[in-house]
Amino acid sequence: MTQRTITAALAATAFLGFAFAGHAEPANDTLIIDGSEIITRAAPAAHLDGALTELISGWQFRDTETRAIQMDDFDNPGMIFVDRGIDSWNTADGTDGKSCASCHEGPESMKGLRAVTPRVDAKSGKVMNIESYINDCRTTRMGAEAWGDKAEAMTDMLALISLQSRGELVNVAVDGAAAPIYAQGKEIYYTRYGQLELSCANCHEDNNGNYIRSDHLSQGQTNGFPVYRLKDAKLTSAQGRFVGCVRDTRAETFKIGSDEFNALELYVASRGNGLAVEGVSVRN
Amino acid sequence: MMRQILIGMTVSAFCAGAAVAQVAPEAVAFTEGAVEQSLSGAAGNPEEGKKVFATAGLGNCVACHAAEITKDIPFPGTVGPTLDGAADRWSEAQLRGLVANAKMTFDGTIMPSFYKTSGYIRPGDAYTGKAGTEPLPPVLSAQQVEDVVAYLMTFKE
């Protein structure tokens with residue numbers, strides 16, 4: 001996608017934001033990419049206990065232009081990063097001279113992973129999201145340095161691996177070994193942090209559909225991550241987004257990869273059980 | 001004449017020095033959510049109050065509230081109720097209490113407390129994401145609270 005289309009999309013966002021300010025309903029559109037429907041509305045899982053009446057992807061809360069960009073992989077700027085991810089998948093790195101491909105063959109071997117992570121690793125008891133799997137491979141099997149959590153190489157690889165599960169329904173385990181992590185994440189979700197005393201739930205459970213200034217509050221679902229944010233012109237991971245939200249409550253944020261954010265990511269992902277992995281989504 | 005001017009100047013110097021008359025955030029007395037006394041010891045300026053209402057780094061009231069009288073401020077939010085007639089529904093003391101700490105009026109409300117400095121979970125240093133140390137500076141100064149209250153007093157139907 002060219003700079004011009006990005007600018008046009010931004011202009012359209014501003015215009016539509018103005019026209020529909022106060023109009024609280026998300027869209028009721030159908031997300032079709034490459035002829036396949038991606039589920040963006042679903043019934044909530046039982047563990048949500050009625051906290052939401054319907055699960056709605058953030059895609060439905062964005063304006064017509066932004067939704068359209070995600071419907072076409074040639075327009076979706078996030079796909080550029082997927083291509084970079086493929087290059088890096090095939091490139092040897094570290095003292096063992098291995099690439100991802102050396103052990104995993106093609107990236108399609110990762111199909112399904114995005115839908116069930118974060119999860120608790122049975123052997124180590126650690127919470128593993130895709131970033132932790134990637135860095136575990138790099139440090140223990142490739143003899144390479146861990147990637148920083150916001151490193152472009154990391155979000156590129158995240159995009160490539162997520163895309164392999166596009167359309168699959170999120171199905172993050174909340175019981176067994178995950179139960180205490182789920183409980184910790186839930187506690188964090190409902191805690192009112194910072195000088196503005198805002199919890200995730202204040203905005204995304206109680207007020208989704210409402211506007212904060214011109215921002216249409218979504219349910220804060222993570223099925224679309226990593227997202228390409230038009231205003232940042234880059235990819236953001238779920239935990240990268242959490243940092244921004246907590247900071248905006250005038251609080252001390254947690255660190256990416258901390259126990260707290262790992263638990264929160266697992267919990268928030270599980271709130272979207274039933275929505276589809278979008279691969280690389282586009283948001284404003 | 002000269003003497004009168006000098007006396008006048010002394011009086012205004014005294015008033016300006018009346019920062020002593022300012023009520024500290026920890027000392028605000030709420031009566032059923034309302035605060036009788038001016039927090040700054042001075043009257044509010046409604047024009048300044050409008051800036052507090054509209055500015056993201058200050059009150060940012062427009063992020064959540066719309067009203068007919070504020071319709072020249074673009075993109076009002078819908079999280080809070082529209083404020084038309086707020087001054088008909090609430091006294092000045094009640095509005096001051098609402099702005100200082102709305103949780104004293106509406107238990108558990110999402111509306112932030114603008115004149116409060118401690119009792120937070122993971123208090124931050126403004127919007128940096130870094131840790132802050134309590135007591136934090138309040139989001140609005142005493143005078144900014146008075147200004148936005150004076151502005152709200154013009155919300156009549």
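Chain letters run A, B, ... following the sequence lines, proteins first and then strands; every chain starts at 1.
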- For the rings on B:H65 and B:F53, is their centre-to-centre separation under 6.0 Å? no
- Between the side chains of A:D29 and A:Q60, does any donor sit under 3.5 Å from an acceptor? no
- Max heavy-atom pairs within cutoff under 4.5 Å with chain B, candidates A:T191, A:L217, A:N202, goes to A:N202
- Contact part of B:S118 toward chain A, heavy-atom cut-off under 4.5 Å: side chain, backbone, both or neither? neither
- Going by residue number, which parts of residues 84-111 of chain B are within reach of chain A, meaning a heavy-atom gap below 4.5 Å? B:K103, B:G108, B:T109, B:I110
- Query: Can B:K50 and B:D72 be counted as an ion pair, charged N to O under 4.0 angstrom?
  - Reply: yes
- Excluding sequence neighbours, so at least two apart, what forms side-chain hydrogen bond (donor to acceptor under 3.5 Å, both in side chains) with A:S218? none
- Query: Do B:Q144 and B:E48 get their side chains close enough for a donor-acceptor pair, meaning under 3.5 Å?
  - Reply: no
- Message: For the residue pair A:R250 and B:Y127, would you count it as a cation-pi contact if the rule is NZ or CZ under 6.0 angstrom from the ring centre and within 45 degrees of the ring axis?
- Response: yes
- Any side-chain donor-acceptor pair under 3.5 Å between A:N135 and A:E131? no
- Please find out if less than 6.0 Å separates the ring center of A:F254 from that of A:Y193. yes
- Query: Which one, B:A131, B:S113, B:G119, leads in non-hydrogen pairs under 4.5 Å with chain A?
  - Reply: B:A131
- Message: Using heavy-atom distances under 4.5 Å, tell me whether A:L196 contacts chain B through its side chain, its backbone, both, or neither.
- Response: both
